Amino acid sequence: MTMASIGELGLAELAAALAQGKVSSVAATGAALDRIEASQGGMNAFRVVRREAALAEAADADRKLAAGERAPLLGVPLAIKDDTDIVGSPTAFGCGGNFPDKTADAEVVRRLRISGAVILGKTNTCELGQLPFTSGDAFGHTRNPWGSERTPGGSSGGSAAAVAAGLVPAALGSDGAGSVRIPASWNNLVGIKPQRGRISTWPLPEAFEGLTVHGPLARTVADAALLLDAAAGPHAGDLHTPPALRVSDAVGRDPGRLRIALSLRIPFTATRTRLDREVEARVHATANTLRRLGHEVTVADLHYGVMMGATFLPRSMVGIRKALDALPGATVDPRTVANARTGRILGPALFAARHAETLLRMRIGRFFDDYDVVLAPTTATPPPGVHEIDNIGNWATDELITACCPYTWPWNVLGWPAVNVPAGFTASGLPVGAQLMGPANSEPLLVSVAAQLESELKWYEHRPADWWSAPAA
């Protein structure tokens, strides 16, 4: 197996090739590290690259494989986002400054290690995960493999870019207002935002007042589900512990004839928003595919109400304040400072915002008396230019990010699962996505529908042309 062909393999394919002895973990890991190094000057997906540590982990995996040991991801190289602790590396969370190396793994990393994964490094994210862009003074701009002048989205843009470019077969991100689903949509990937608590956020009992969860990014539904299953599980200190389930079992399972609501209505925002016509057309095309698969798809808008946004704002801003307080000495953008200041002001509203979640779940939950799944756009626009977020004020930033991404955040308030599926491309060749949203603990249902769509649309066959690799020295 050549180094080039190793890079073409998905997560499950590479795991199988390693178990069958067709390739060694050291070879697969070394090839991935070389791809990362060649891409870094152009795409800039990684904040931390663990070459020496990763190759040592790969050698240990090869010894285990030779001894007959097996684990779901034994020897497979992966990436994690730089909001996640791994021993021996700092967690800068997109910020500037010198931060100490972590002395313990996050719970999700511990579980990935148990599954046998080799952690190549930590991918770039914007400051404290606030934006659907991945850029910052500390590391520059991460660029979209599908267009060098476009953002890959955020805040898990580094992870998404790394997967879309074939640097890694899959990667972990996190989603506090769409930060897995948005970059998945703008990179032709599957991105799963799981039920709150499905993947532990420890050493935090919960992240961003319950808004943020870890989630996988991959080219196929099966690969995303495999990574989710490997990462899932509670820590004793977690505040949220949903019932255990195995998502991979739903891949290929017939979900039956479902009632699917096509909802294009944009949740209430304080700024002007409009659904791009090309995105709308691609979401309608996805709906038509679901109809051909035998599902009943009805145009039926979800009415989120003003309360949803009123509860999101205190939770997100207080979350930013706490995240910044946890990074003493961090150098950040003035917009981050302003958001942290807003978090201090909104602190007294947090109690009411958290308690409103029960009422919101009851109200939105009634929608699922009539429908099994909601289909909606993931973003309102194709990926914006990589520099559009640069050097603008707070209000202009809010207008920009809301105009691009008004659809994803309500499911973070509710804590329920959602899955981005690739919905095709604009006339200029930029990817866009649609999201499947369900009620509590509905990951298996959403994954089964996503896999049905994948069997028809075969989005994994589309790969971006390589513009990012530096020529070998």
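No experiment lies behind these values; they were computed from the predicted model shown.
Not a single side chain to side chain donor-acceptor pair (under 3.5 Å) links Thr134 to another residue, sequence neighbours left out. Residues satisfying the salt bridge (Lys or Arg N to Asp or Glu O under 4.0 Å) test with Arg259, not counting sequence neighbours, are Asp372. Listed by chain and residue number, Glu357 satisfy the salt bridge (Lys or Arg N to Asp or Glu O under 4.0 Å) test with Arg361 (two or more places apart in sequence, or in another chain).
Considering OG of Ser316 and CG of Leu128, their distance stands at 12.0 Å, rounded to 0.5 Å. Taking CZ from Phe312 and CG from Asn412, the interatomic distance works out to 6.5 Å, rounded to the nearest 0.5 Å. A distance of 10.0 Å separates NE2 of His141 from CD of Glu149, quoted to the nearest 0.5 Å. Summarising the geometry, atom CZ belonging to Phe46 is positioned 10.5 Å from atom CG belonging to Asn44; distances are rounded to the nearest 0.5 Å. Between atom CG of residue Leu217 and atom OG of residue Ser159 there is a gap of 6.0 Å, rounded to the nearest 0.5 Å. Here Leu436 contributes atom CG and Leu445 contributes atom CG; the two are 9.0 Å apart, rounded to the nearest 0.5 Å.
Here the closest non-hydrogen pair linking His295 and Leu258 is ND1-N, 3.0 Å. Here the shortest heavy-atom pairing between Ala261 and Ala300 reads CB-O, 3.9 Å. When every heavy atom of Gly429 is checked against every heavy atom of Trp146, the shortest pair comes out as O-CE3, 4.1 Å. Residues Gly424 and Arg282 approach most closely at CA-NE, 4.0 Å, considering heavy atoms. Taking every heavy atom of both residues into account, Leu11 and Val76 meet most closely at CD1-CG1, 3.5 Å. Closest non-hydrogen pair, Val386 versus Ile389, comes out as O-CG2, 4.4 Å.
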- request: List the steps, then state whether salt bridge (charged side-chain N to carboxylate O under 4.0 Å, His left out) holds for Glu107 with Arg111.
  value: CA-CA 6 Å; Glu107 175 66 15; Arg111 289 181 177 272; 2.9 Å; yes
- prompt: Would Glu296 and Arg257 count as a salt bridge (charged side-chain N to carboxylate O under 4.0 Å, His left out) if you check the C-alpha gap in whole Å, the side-chain angles of each, and the deciding distance to 0.1 Å?
  reply: CA-CA 7 Å; Glu296 179 185 350; Arg257 187 171 190 265; 3.8 Å; yes
Chi angles and distances behind the side-chain hydrogen bond (donor to acceptor under 3.5 Å, both in side chains) call for Thr220, Glu454: CA-CA 8 Å; Thr220 70; Glu454 183 179 87; 4.7 Å; no
- prompt: Stepwise, does the side chain to side chain contact (heavy atoms under 4.5 Å, CB included) test hold for Val180 with Ile192?
  reply: CA-CA 7 Å; Val180 162; Ile192 302 178; 5.8 Å; no
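At least one side-chain heavy atom of Arg335 sits less than 4.5 Å from a side-chain heavy atom of Ile392. Asn420 has its side chain out of reach of Thr408: every pair of non-hydrogen atoms, C-beta onward, lies at least 4.5 Å apart. Residues Thr201 and His214 meet the side-chain proximity criterion, which asks for heavy atoms closer than 4.5 Å. The shortest side-chain heavy-atom distance between Thr379 and Cys405 falls under the 4.5 Å cut-off. The closest side-chain heavy-atom distance from Leu262 to His284 is below 4.5 Å. The shortest distance between side-chain heavy atoms of Phe133 and Cys126 does not fall below 4.5 Å. No side-chain heavy atom of Trp186 sits less than 4.5 Å from a side-chain heavy atom of Pro152. For the pair Asp105/Val87, a side-chain contact is recorded, criterion being any heavy-atom separation below 4.5 Å from C-beta on.
Looking at Thr378, its side chain does come within 3.5 Å of a backbone N or O of Gln435 through a donor-acceptor pair. Using modelled atom types, no side-chain atom of Arg196 and backbone atom of Pro417 make a donor-acceptor pair closer than 3.5 Å. Between the side chain of Lys122 and the backbone N or O of Ala92, no donor-acceptor pair lies under 3.5 Å. Side-chain N or O atoms of Arg265 include none that pairs as donor or acceptor with a backbone N or O of Asp301 at under 3.5 Å. Although no hydrogens or angles enter the test, the distance criterion places a donor-acceptor pair under 3.5 Å between the side chain of Arg363 and the main chain of Tyr304.
Under 3.5 Å, the side chains of Asp276 and Thr381 contain no donor-acceptor pair of N or O atoms. Between Ser174 and Asp83, the side chains place a donor N or O and an acceptor N or O closer than 3.5 Å (distance only, hydrogens not considered). The closest side-chain donor-acceptor pair between Lys81 and Ser156 falls under 3.5 angstrom.
By the 6.0 Å contact criterion, CG on Asp370 is enclosed, its count of non-hydrogen atoms from other residues, nucleotides or ligands being greater than 12. The 12-atom threshold is not exceeded at CG of Asp137, counting heavy atoms of other residues, nucleotides or ligands nearer than 6.0 Å.
Using the six-membered ring where Trp is involved, Trp411 and Phe368 have ring planes that are perpendicular, over 60° apart on the 30 and 60° scheme.
Of the candidates Ile86, Val48, Thr84, Ile86 is the only one forming a side chain to side chain contact (heavy atoms under 4.5 Å, CB included) with Ile119.
Using a cut-off of 4.0 Å between Lys/Arg side-chain N and Asp/Glu carboxylate O, Glu209 and Lys322 are scored as salt-bridged.
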